[in-house]
Amino acid sequence: MQNPTSEDIQRVRTFLVDLQARICSALEQQEQLGQGTAKFEVDDWQRPEGGGGRSRVLQNGTVIEKGGVMFSHINISKLPASATERHPAIAGAKAQALGVSLVIHPKNPNVPTSHANVRLFVAEPEGQEPIWWFGGGFDLTPFYPNQEDVLSWHQSAFDLCKPFGEEVYTEHKQWCDDYFYLKHRDEQRGVGGLFFDDLNQWDFEKCFEYMQAVGNGYLKAILPIFQRNQDKPYTEAQRDFQLYRRGRYVEYNLVYDRGTLFGLQTGGRIESILVSMPPLAAWSYRPEWDEQSPEKQLTEYYLKPHDWLSILK
């Protein structure tokens with residue numbers, strides 16, 4: 001297996017920094033199209049143990065209520081066992097991790113929350129060859145979903161996967177369904193997308209190309225959904241439902257999300273780790289909705305795993 005050189009890691013870093021800038025620029029344009037003026041504020045930071053990052057956060061926008069697009073490249077002197085459950089051989093090794101991670105919480109309940117991340121991890125166990133892999137994906141969490149959005153989202157995912165093998169979309173779509181699942185609620189977090197981790201079965205260059213395709217694919221997938229939905233009218237009751245469903249998002253990120261747990265377990269920068277939290281969320285005691293309501297349809301139909309490309313075309 002080809003191990004990444006320092007030049008390879010620098011190429012990944014260069015792509016990630018540019019990806020963060022392009023995503024922020026495109027989302028600011030959506031904010032402006034909605035007559036908003038909010039912009040992403042830049043916060044550069046350093047980590048005492050080594051490395052750092054650039055946090056870019058937009059808050060209180062007209063279109064985007066809160067969005068965080070985070071770049072980090074950190075050095076870890078000794079990986080804790082709690083952060084290496086799936087790879088016990090690298091416990092105690094030094095490592096570096098770099099990636100871009102984002103969560104966008106729109107204000108309009110008709111626009112889904114979206115999440116994406118792409119990352120490279122390189123561990124150097126003492127006396128052994130480096131161990132590396134790529135990870136990432138993107139997923140969609142709607143409140144008032146429609147078939148056009150779900151189909152276009154998954155079609156974008158299918159199209160970017162196709163050059164890498166006929167089986168890639170199916171495998172990474174299934175992985176996404178399995179990963180973004182709230183066991184204690186027995187429901188999906190959203191309508192899925194792509195998720196992959198431990199990607200090193202191809203050579204480094206092909207793995208990097210796939211990571212780039214996923215990172216670039218997020219904007220291609222999400223911008224049409226913003227454009228179709230961000231100007232739709234909504235009621236106070238729909239806004240209340242959006243906040244209620246955001247509570248599920250908080251539960252997932254704090255209980256199950258590997259990135260959040262890894263950051264907490266490795267002494268990460270807490271503001272950057274928890275930037276994925278929505279600005280407002282709500283919990284209520286066993287709310288009930290009419291069987292024919294859009295709110296009931298969300299949980300009874302859309303938050304079930306489906307072969308979306310087959311049933312919606």
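Every value quoted in this text rests on a predicted model; they were computed, and no experiment measured them.
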Mind checking whether [X] and [Y] have ring centres under 6.0 Å apart?
{"X": "H172", "Y": "Y210", "result": "yes"}
{"X": "Y144", "Y": "Y234", "result": "no"}
{"X": "H105", "Y": "Y249", "result": "yes"}
{"X": "F241", "Y": "F143", "result": "no"}

Got a salt bridge between [X] and [Y], using NZ or NE/NH1/NH2 to carboxylate O under 4.0 Å?
{"X": "D159", "Y": "K162", "value": "no"}
{"X": "D43", "Y": "R269", "value": "yes"}
{"X": "D197", "Y": "R258", "value": "yes"}

Over all atoms of both residues, closest heavy-atom pair of [X] and [Y]:
{"X": "A95", "Y": "A123", "result": "CB-CA, 3.9 Å"}
{"X": "K173", "Y": "D177", "result": "NZ-OD2, 2.8 Å"}
{"X": "F40", "Y": "G67", "result": "CE2-O, 3.6 Å"}
{"X": "R246", "Y": "P278", "result": "CD-CB, 3.6 Å"}
{"X": "S276", "Y": "V103", "result": "CB-CG2, 3.5 Å"}
{"X": "L264", "Y": "I273", "result": "N-CD1, 3.8 Å"}

Same cluster for [X] and [Y] if Ile/Leu/Val/Met/Phe/Trp/Tyr side chains link at under 4.5 Å?
{"X": "L151", "Y": "Y301", "value": "yes"}
{"X": "L182", "Y": "L298", "value": "yes"}
{"X": "L223", "Y": "L102", "value": "yes"}
{"X": "M70", "Y": "I74", "value": "no"}
{"X": "L33", "Y": "L58", "value": "no"}

Evaluate whether atom [atom1] of [X] has more than 12 neighbouring non-hydrogen atoms of other residues, nucleotides or ligands under 6.0 angstrom away.
{"X": "R119", "atom1": "CZ", "result": "yes"}
{"X": "E236", "atom1": "CD", "result": "no"}
{"X": "K232", "atom1": "NZ", "result": "yes"}
{"X": "E271", "atom1": "CD", "result": "no"}

Does a side-chain heavy-atom distance below 4.5 Å link [X] with [Y]?
{"X": "N3", "Y": "D8", "answer": "no"}
{"X": "L19", "Y": "V69", "answer": "no"}
{"X": "I9", "Y": "E7", "answer": "no"}
{"X": "N253", "Y": "M277", "answer": "yes"}
{"X": "R47", "Y": "S72", "answer": "no"}

Practice task
Kindly indicate, with the supporting measurements, whether the criterion side chain to side chain contact (heavy atoms under 4.5 Å, CB included) is fulfilled by Q230 and N108.
Solution key: CA-CA 6 Å; Q230 69 183 45; N108 190 319; 5.5 Å; no
Between [X] and [Y]: side-chain donor-acceptor atoms closer than 3.5 Å:
{"X": "R13", "Y": "Q10", "value": "no"}
{"X": "S114", "Y": "Y218", "value": "yes"}
{"X": "R248", "Y": "Y244", "value": "yes"}

Check: [X] side chain, [Y] main-chain N or O, donor-acceptor pair, under 3.5 Å:
{"X": "D231", "Y": "G34", "answer": "no"}
{"X": "Q59", "Y": "K66", "answer": "no"}
{"X": "W308", "Y": "Q155", "answer": "no"}
{"X": "Q238", "Y": "T235", "answer": "yes"}

Practice task
Check each of F196, F204, F15, F121 against F134 using the ring-ring contact (aromatic ring centres under 6.0 Å, His included) test, and report the only one that passes.
Solution key: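 Among the candidates, only F204 passes.
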Practice task
Give the intermediate values and the outcome of side chain to side chain contact (heavy atoms under 4.5 Å, CB included) for residues D290 and K296.
Solution key: CA-CA 7 Å; D290 182 81; K296 193 73 170 180; over 6 Å; no
Handout entry: Given R189, E251, H184, the one that forms side chain to side chain donor-acceptor pair (under 3.5 Å) with Y256
Key =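 Going through R189, E251, H184 one by one, the side chain to side chain donor-acceptor pair (under 3.5 Å) with Y256 is satisfied by H184 alone.
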Which value, rounded to the nearest 0.5 Å, describes the distance between [X] atom [atom1] and [Y] atom [atom2]?
{"X": "I64", "Y": "K107", "atom1": "CD1", "atom2": "NZ", "result": "12.5 Å"}
{"X": "K304", "Y": "T299", "atom1": "NZ", "atom2": "OG1", "result": "7.5 Å"}
{"X": "Q297", "Y": "L303", "atom1": "CD", "atom2": "CG", "result": "10.5 Å"}
{"X": "R245", "Y": "T141", "atom1": "CZ", "atom2": "OG1", "result": "9.0 Å"}
{"X": "F164", "Y": "W202", "atom1": "CZ", "atom2": "CH2", "result": "6.5 Å"}
{"X": "F138", "Y": "I222", "atom1": "CZ", "atom2": "CD1", "result": "9.5 Å"}

Exercise for the section: Please assess M211 against L16 for the test side chain to side chain contact (heavy atoms under 4.5 Å, CB included), listing each intermediate value before the final yes or no. Expected result: CA-CA 10 Å; M211 185 264 260; L16 292 170; 4.1 Å; yes
Problem - Verdict with supporting geometry, D139 and F195, side chain to side chain contact (heavy atoms under 4.5 Å, CB included) - result: CA-CA 8 Å; D139 64 285; F195 178 85; over 6 Å; no
Problem - Shared-cluster residues of L243, by chain and number - hydrophobic side chains joined below 4.5 Å - result: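 ILVMFWY cluster around L243 also holds L280.
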